[in-house]
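Just below is one structure, and these are the notes that go with it.
No hydrogens, no waters, no symmetry mates; every other heavy atom, side chains included, goes into these values. Just so we're on the same page: letters track the sequence lines, and every chain starts at 1. This is a predicted model, so every value here is computed, not measured.
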2 protein chains.
Amino acid sequence: MKLEPEAAVHAPETQRAGRARATSAGELSHIALDLFFEHGFDETTVTDIARAAGIGRRTVFRYFPSKNDLAWGEFETMLESMRSHLATLPEDMPLQAALRDAIIEFNRFPDDELHYHRERMRLLLNVPSLAAHSTLKYAAWREVVAEYVALRRHERPTDLVPRASAWICLGVCLSAYEQWLAADDADLLELIDRAFATTDGFGSAAAAESRAQRP
Amino acid sequence: MKLEPEAAVHAPETQRAGRARATSAGELSHIALDLFFEHGFDETTVTDIARAAGIGRRTVFRYFPSKNDLAWGEFETMLESMRSHLATLPEDMPLQAALRDAIIEFNRFPDDELHYHRERMRLLLNVPSLAAHSTLKYAAWREVVAEYVALRRHERPTDLVPRASAWICLGVCLSAYEQWLAADDADLLELIDRAFATTDGFGSAAAAESRAQRP
DNA sequence: CGCACCATGGCACCCGATGTCAATATAATC
DNA sequence: GATTATATTGACATCGGGTGCCATGGTGCG
């Protein structure tokens with residue numbers, strides 16, 4: 001599983017002065033993940049990873065800001081492609097349909113990467129320190145959703161509805177992921193679809209009722 | 001703001017052999033929060049907190065498993081009361097209305113604690129390390145919701161709909177909290193109500209559409 | 001009193017994370 | 001090919017959160 005060098009760096013950086021990198025973020029992340037799978041996340045120290053990659057411990061932190069980020073790999077890149085995918089959707093597409101489409105696309109992986117992706121997600125959702133760290137990643141993901149909802153509704157991304165929509169989308173995704181990890185023959189995309197349907201009627205009755213009760 | 005000794009300990013523990021506790025979890029949490037408010041979370045070391053409380057650093061970790069948990073205080077106790085509140089709701093109450101009711105109750109605070117609660121939430125939502133740690137607390141909260149939804153739907157708490165519902169409820173709450181913190185004259189409970197309404201129609205169209213497309 | 005019991009806190013230690021700095025390697029330019 | 005600009009690299013050193021260990025100190029009871 002060879003990755004393009006500099007795959008994680010945002011600037012393509014065709015020709016640059018100075019010493020060439022000894023490794024790439026993608027490569028380093030894979031080395032770390034293999035160790036995590038084999039020995040467990042907490043049992044693997046950054047020193048172990050550095051040794052396995054043949055670089056210095058300090059250098060690991062130059063590629064990834066923290067040990068946690070190693071497990072997340074190139075999430076930022078994926079976020080960016082979701083953002084641009086949303087931008088291509090037609091204005092007249094219903095908002096919910098657009099979100100569903102973008103989220104399904106975000107979670108579509110080639111067959112040969114599915115197993116790897118599954119194991120990675122198993123770590124991210126089950127290892128406490130990783131699950132904790134994930135909040136920050138999810139916030140970035142929600143921001144993408146909120147920005148789109150705000151655009152479509154002519155509001156600010158910080159307004160209530162964009163924010164709440166983003167949270168709901170995240171919840172839909174993660175509950176689908178949880179089911180996916182529990183049943184190894186499940187289809188992730190179909191689960192996301194079903195989770196989306198859960199929001200049906202949710203809140204409307206309660207909110208209407210409440211508005212009637214409190215003048 | 002004096003707290004009962006052992007307020008955080010589940011067993012009431014009337015008379016116990018052995019040395020008496022030097023402080024209580026509630027008291028310690030308040031001391032820590034005051035320091036966090038004044039100097040910032042990251043700038044406050046556990047040693048500072050221990051010194052302010054007049055106890056040893058090691059002892060702090062005996063009351064709270066981590067520095068993060070100090071900021072959360074007695075969340076588990078609040079969870080427990082939400083669980084028992086849900087248990088008192090009539091079976092024939094619509095599920096969404098029941099959830100809305102329990103969540104509103106969970107977030108009702110006496111006026112004199114509102115300011116304190118606000119500052120605490122501001123920390124929890126904005127300090128990165130606390131926001132990260134919150135995932136684990138939210139998971140426990142969602143578990144309470146999922147258990148109730150499962151009970152009402154005769155499913156398991158790990159099934160898709162209970163899990164997704166719990167996520168949606170959490171999202172509703174947190175987006176309301178965010179608005180509340182941004183506008184200091186806002187009414188938290190009303191914001192939660194409005195956020196609940198956001199779920200209206202969410203997903204239903206998209207999901208139906210999708211089911212039609214994929215045989 | 002003496003005993004069992006439990007909280008305390010000092011100490012050493014691990015590990016993740018960060019700043020500094022000198023050595024080194026390479027690309028572009030002359 | 002030599003020079004220079006630019007980055008990488010890793011060896012320190014340091015800090016703070018978290019943990020195991022164990023002696024010590026306070027409490028109630030027989």
How close or far is atom [atom2] of [N] from atom [atom1] of [X], stated in whole angstroms?
X      : N       : atom1 : atom2 : answer
D69(A) : dT18(C) : CG    : C1'   : 15 Å
F36(B) : dG16(D) : CZ    : P     : 14 Å
I55(B) : dG10(C) : CD1   : C1'   : 14 Å
L28(A) : dT9(D)  : CG    : P     : 10 Å
Y63(A) : dA7(D)  : OH    : P     : 14 Å

Original post:
Quick one: OG on S129(A) to NZ on K67(A), what's the gap to the nearest 0.5 Å?
Top reply: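 Output value for this atom pair is 6.5 Å.
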**OP:** Assign a letter to each nucleotide of nucleotides 17-24 of chain D from its 5' end: B, base within under 4.0 Å of a protein heavy atom; S, sugar-phosphate only; -, no contact.
**Re:** BBBBB---
Proximity of [X] and [Y] rings by center, below 6.0 Å:
X       : Y       : result
F37(A)  : Y116(A) : yes
W180(B) : Y177(B) : yes
F106(A) : H85(A)  : no

Subject >> Partners passing side-chain contact (heavy atoms from CB on, under 4.5 Å) against R58(B) (at least two apart in sequence or in another chain) >> reply: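 Residues passing side-chain contact (heavy atoms from CB on, under 4.5 Å) with R58(B): F61(B), R62(B).
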**OP:** Would you please say whether a donor-acceptor pair under 3.5 Å links the side chains of D69(A) and H133(A)?
**Re:** yes
